[in-house]
Amino acid sequence: MLSHYYVVLLALNAVPVSGANQAKMQAAYQQASQYFYPNVRPLVLNAELPFSWQGDGYWFSRQEATGTQLYFADNIQQSPTQVNVEALAKALGADSLLSLATLQPRMQHTTGRWQLTLQYLQQQWQCDIERYKCQPQTEKASEVVSKDKRWQLDSVNYNLQLTDVSSGNTQQLTTDGSADYAWGEFNDWYQLDALDGKAVTPKRKTQFVWSADSRYAATFLLDRRNMPTLHMLQNMPAQGHRAVLHSYKRALPGDNQRPLYHLAIVDAAAGKVIMAQLPALEATQNWADISWHPDGFYYLVARDRAMRALTLWQINVDGSTEQIYQERSNTFLDYAKHGLAWVSRDAFVWSSEQDGWNHLYLQQRDGTTRQITQGQFVVRELHGFDSKNQQLYFSASGREQGDPYFRYLYRIDLDGSNLTLLTPEYADHDISFSADWQHFYDSYSRVDLPTVSTIRRSQDSQVVHKLAVADDSALRATGWQPPEPFSVLARDGKTTLHGLLYKPANFDASLRYPVVQHMYAGPHTIVSAKRFSRAFANTETPIAQLGFIVMNLDPLGTAHRSRAFQLHSYKNLGDIGGPDYIGALQQLAQTRPYLDISRVGAYGHSAGGYDAARAVLKYGDSYKVAVSSAGNHDHRMSKAWWPEMWMGLPQEGEHYETQSNMQLAASLTGHLLLATGDLDNNVNPANSFRLAAAIQAAGKDVDLLLLANKDHDLREDTYFTRRRWDYFIRHLMQQTPPAYYQIAVK
C-alpha cells in the first residue's frame with residue numbers, strides 16, 4: 001500500500017500544467033512586467049519636476065514631446081529661456097542631438113552668468129549657455145571655492161591644502177592626516193564605490209563651509225583609528241578567478257570604538273587651522289546642518305549617542321564655543337523633526353515635540369521659551385524666517401481634514417497669530433522658497449492626482465507660473481488604476497491608521513484574491529504612498545497584476561504622527577506592527593469579501609526585510625509566505641546609528657537579544673525566502689546568512705538567494721524581482737509560474 005501511495009503521488013506531481021493556465025500565467029507576468037520600475041517610469045511625463053531656485057531666478061527641466069528640455073529664468077517676471085540643445089551638442093562636439101535626460105544636468109547662476117554642469121562621455125563638463133562654450137571640469141569634487149572665488153580648500157592625502165586661486169600658490173595646512181585620521185572628510189556609511197573585482201579604497205566626501213566674507217571655513221577632523229571593520233567576499237569578480245575581500249569601517253550598536261568628529265576652523269587670511277574648544281562629536285552628525293550666522297560665528301545642532309540630546313552650539317572663529325540651547329529626552333529625540341531658524345543673534349525658532357506634537361517655539365538665549373504653533377498636527381519642515389515681514393513659513397500635516405500625512409504650507413507671525421494656509425488643494429505639497437521669500441515652488445499630487453508643478457506668490461498663494469502637469473495618459477492606456485486608500489482602527493480600538501490597496505488591472509470583485517503585504521514599519525518613515533510618482537512606480541503594482549491584492553499600512557510606531565504614536569516603536573522594533581496589520585486585514589475583509597485572508601504573504605526590504613521575515617516567524621498563523629531582502633535580522637549587526645536611536649543601547653536590557661529574528665528560527669512553519677546581495681555594504685550579507693543558519697540549525701527549511709555582485713539596492717534587479725514573483729505564485733497562490741520568465745526592460 002505504501003509503495004502504491006508513492007506511485008500515485010508521483011503521478012499527480014507529473015501532471016502537466018494546463019495550456020490555459022500556462023497562457024493565463026504568462027499573460028499575468030507580461031502585465032506585471034510593464035509596471036516594473038524601468039518600464040513604467042517613462043509612461044508618465046513630469047511625475048516629479050527637477051526644479052531649483054538660483055538667486056532671484058530658477059531653472060527646471062520638463063519632459064516634452066521632443067524630449068527633456070531645460071529652462072532657466074533670471075527672475076520671476078522673466079519668461080523662462082529654453083536651453084538650445086543643438087548649440088549644446090555642438091559645443092560638446094557631439095555628432096548628434098543629445099538627450100538631456102541622460103546627462104544629469106544641473107544649472108547654477110553665479111557671477112551674473114548661467115552655468116550648466118552635465119555628465120558626457122564619462123566626464124563632467126561645465127558649459128556657459130549664454131555663449132555655448134563647454135569644457136571638461138578639472139576641479140576635483142573635493143575642492144570647495146570661497147564665495148569671493150579667492151580661496152580654494154581641499155583635502156589631499158587626508159590633509160588640508162589652501163590655494164590662492166589668483167596666484168595658484170598652495171599652502172599645506174596640516175600634515176598629520178591619514179586614511180583613518182582624515183581632515184575635512186565625512187564618515188560615509190556605505191564607504192565603498194562600485195566594485196569591479198578589485199579591492200577599492202573607501203570613497204571620500206569632503207565638507208568645507210565658507211563664511212560669507214570668505215575668510216573662514218568650517219570643517220572637521222574625522223577620527224576612525226579605533227573603529228572595527230566589516231568585510232564582504234566577492235566570489236565573482238569581473239577579472240580573475242580569486243575571490244576578492246572588501247573591507248570597510250563600521251561601528252555596530254553598543255560598540256565603544258566609534259568614529260568621532262573634531263570641529264575645526266580654517267583662517268584663510270592667516271593660513272592656519274584653529275581647533276574648536278569642544279569635545280569630539282558623534283559621527284551620526286549631519287554636516288549639512290553646519291551654517292554661518294550673519295554675526296560671524298558658525299553653528300550646528302549636535303546629536304549625542306542614542307539621540308537623547310540635541311545641543312545647539314555656537315563656534316567662534318577663535319575656537320571658543322558656547323552652548324546656546326539643549327533639549328534632552330529619556331527615550332529619543334527624532335532629529336529629522338528638529339528645524340532651526342534664527343530670528344536675531346539672541347533668539348531663534350526651534351521645533352520640538354515637548355507637548356506631544358512637533359511644534360515651533362521661539363527660544364531666547366536667556367532660556368525664555370514661547371510656543372508659536374499648537375494643536376494636534378505635526379510641523380514637518382520649518383522652511384525659514386522672513387525677517388522683513390517677521391513671519392515664519394512651515395509645512396505641516398494633520399491639521400486639515402482627510403489624510404493626516406498630506407503636507408500643507410502655512411505662514412504664521414512670531415507671536416503665533418495670523419496662521420494662514422497657503423496651499424488649500426487636498427494633496428501632498430512639496431515646497432521650496434525663493435531667497436527673498438516672495439515666491440515658492442509648489443509640487444502637489446495624490447495617488448489619484450497627477451503632479452501639478454507651480455510657482456506661487458507667498459503673499460496670497462496665487463499661481464504665477466504653472467510649469468507642468470504630469471501626463472499619465474500612456475499609463476492609463478495600459479489599464480492602470482490608482483491604489484485605493486483605506487482607513488482602519490489600530491489595536492487600541494481608537495487610533496485611525498491609513499494604508500493602500502493595489503489591485504490587478506482586470507480586478508473582479510466577485511473573485512477571491514490572496515493578499516500580499518508590503519511591510520516597512522520603521523519608525524523613521526511610512527510605507528504608504530502619498531504622491532502620484534510613488535503610486536505607479538513601485539513594487540506593489542507589478543505584484544498585484546499576478547492576481548494578488550497588495551496591501552500596505554502605516555501601523556503604530558511609524559512616523560509623521562504624534563510622539564505617543566511613534567513611541568510605540570521605542571525598544572520595541574520587534575513588534576513590527578503585527579497586531580495592527582492583522583487587525584487591518586480582518587477589518588477590511590468584513591467589507592471586501594474579495595480579500596482571502598486565509599492566504600496572506602509578506603515582503604519587505606532592509607528594515608522591511610526584518611519585518612517580513614519576522615511576520616512569518618512570529619505570526620505564522622496569519623502569514624504563510626514571506627520574501628525578505630537585505631533584512632537586518634539582528635539590530636546588533638546594523639549601524640551604530642538608527643538602531644541606537646530607536647532601541648537604545650544593547651547593554652540597557654535584553655531587548656536586542658529577544659527581538660533578534662534568530663530567536664524565532666524554530667517557529668518557522670511557512671515558506672521564507674531570504675535574499676541578499678553579496679556586496680551589500682549597508683546591511684551586511686551576514687544578516688541573512690545568520691538567520692538562514694539559525695533556521696537550518698532548528699531543523700527547518702529556508703530558501704536563501706545570494707545575488708552575485710549586487711549591493712543594497714535591488715529595486716531594478718530583474719532576476720530577484722522575478723524570483724520574488726515566483727515565490728508568491730508557487731507558495732501563496734499554489735500555481736506554477738512561467739518557467740524562467742525573463743523580465744524585458746524596454
Side-chain angles (χ1 to χ4, degrees), residues 24-45 47-48 428 445-451 470-486 498-509 511 513-520 526-554 588 592 594-595 600-605 608 612 625 627 629 713-729 732-733 737-738 741 743-746:
K24 181 179 179 181
M25 195 61 67
Q26 185 78 16
Y29 270 63
Q30 291 172 351
Q31 176 81 353
S33 295
Q34 73 175 331
Y35 297 116
F36 181 54
Y37 272 110
N39 294 334
V40 74
R41 277 193 294 252
L43 298 182
V44 177
L45 302 182
E48 296 289 353
D428 180 75
S445 69
R446 295 188 310 266
V447 294
D448 60 344
L449 175 67
T451 312
D471 181 357
D472 66 339
S473 56
L475 176 67
R476 293 281 185 174
T478 68
W480 177 87
Q481 294 293 323
E484 175 194 345
F486 68 83
H498 297 264
L500 294 170
L501 292 176
Y502 293 79
K503 303 171 185 176
N506 60 352
F507 171 73
D508 183 346
L511 301 179
Y513 292 87
V515 180
V516 173
Q517 187 174 315
H518 183 192
M519 301 186 76
Y520 196 107
I526 60 173
V527 69
S528 299
K530 299 302 168 188
R531 297 187 63 78
F532 186 77
S533 56
R534 172 68 177 80
F536 73 90
N538 51 51
T539 55
E540 292 95 335
T541 301
I543 293 175
Q545 309 316 307
L546 302 176
F548 300 100
I549 302 297
V550 183
M551 182 188 92
N552 53 39
L553 176 76
D554 298 302
L588 291 170
R592 297 166 174 84
Y594 55 81
L595 295 174
V600 179
Y603 75 97
H605 184 76
V625 183
V627 178
S629 53
D713 189 356
L714 301 177
R715 287 175 300 175
E716 297 188 10
D717 188 84
T718 56
Y719 180 76
F720 165 66
T721 298
R722 191 265 293 175
R723 289 292 302 272
R724 179 166 58 194
W725 295 354
D726 288 353
Y727 209 75
F728 288 126
I729 290 292
L732 193 60
M733 192 177 285
Y741 184 85
I743 299 176
V745 177
K746 300 174 184 178

Quick one: pull up CD in Gln545 and CZ in Phe36 and give me the separation to the nearest 0.5 Å.
14.5 Å

Minimum side-chain heavy-atom gap Phe486-Met551 below 4.5 Å:
yes

Have Tyr719 and Arg723 got a donor and an acceptor in their side chains that come within less than 3.5 Å?
yes

Flag, side chain of Tyr513 to backbone of Asp508, donor-acceptor distance under 3.5 Å
yes

Check whether any side-chain heavy atom of Trp725 sits under 4.5 Å from a side-chain heavy atom of Pro737, and report yes or no.
no

Roughly how far, to the nearest 0.5 Å, is OG1 of Thr451 from CG of Asp471?
11.5 Å

Considering all heavy atoms of both residues, which atom of Val44 and which atom of Ala470 are nearest to each other, and what is their separation?
CG1-CB, 4.2 Å

Can Phe548 and Leu732 be said to form a side-chain contact (heavy atoms from CB on, under 4.5 Å), step by step?
CA-CA 10 Å; Phe548 300 100; Leu732 193 60; 3.9 Å; yes

Enclosure of Arg715 CZ (heavy-atom neighbours >12, cutoff 6.0 Å):
no

Does a side-chain heavy-atom distance below 4.5 Å link Tyr29 with Asp726?
yes

Describe, in one word, how the ring planes of Tyr603 and His518 are oriented to each other, choosing from parallel (under 30°), tilted (30 to 60°) and perpendicular (over 60°).
parallel

When rounded to the nearest 0.5 angstrom, what distance separates NZ in Lys503 from OH in Tyr594?
3.5 Å

Decide, yes or no, whether a salt bridge links Arg534 with Glu540 under the criterion of side-chain N to carboxylate O below 4.0 Å.
yes

Return yes if some donor-acceptor pair links the side-chain N/O of Asn538 with the main-chain N/O of Thr541 below 3.5 Å, else return no.
yes

Would Tyr37 and Thr721 count as a side chain to side chain donor-acceptor pair (under 3.5 Å) if you check the C-alpha gap in whole Å, the side-chain angles of each, and the deciding distance to 0.1 Å?
CA-CA 10 Å; Tyr37 272 110; Thr721 298; over 6 Å; no

Give a yes or no answer on whether the side chain of Ser445 reaches the backbone of Pro450 with a donor-acceptor pair at less than 3.5 Å.
no

Looking at Asn39 and Ala744, would you say the former's side chain and the latter's main chain have a donor-acceptor pair under 3.5 Å?
yes

The test is side-chain contact (heavy atoms from CB on, under 4.5 Å); show your working for Asp428 and Phe532 and say whether it passes.
CA-CA 9 Å; Asp428 180 75; Phe532 186 77; over 6 Å; no

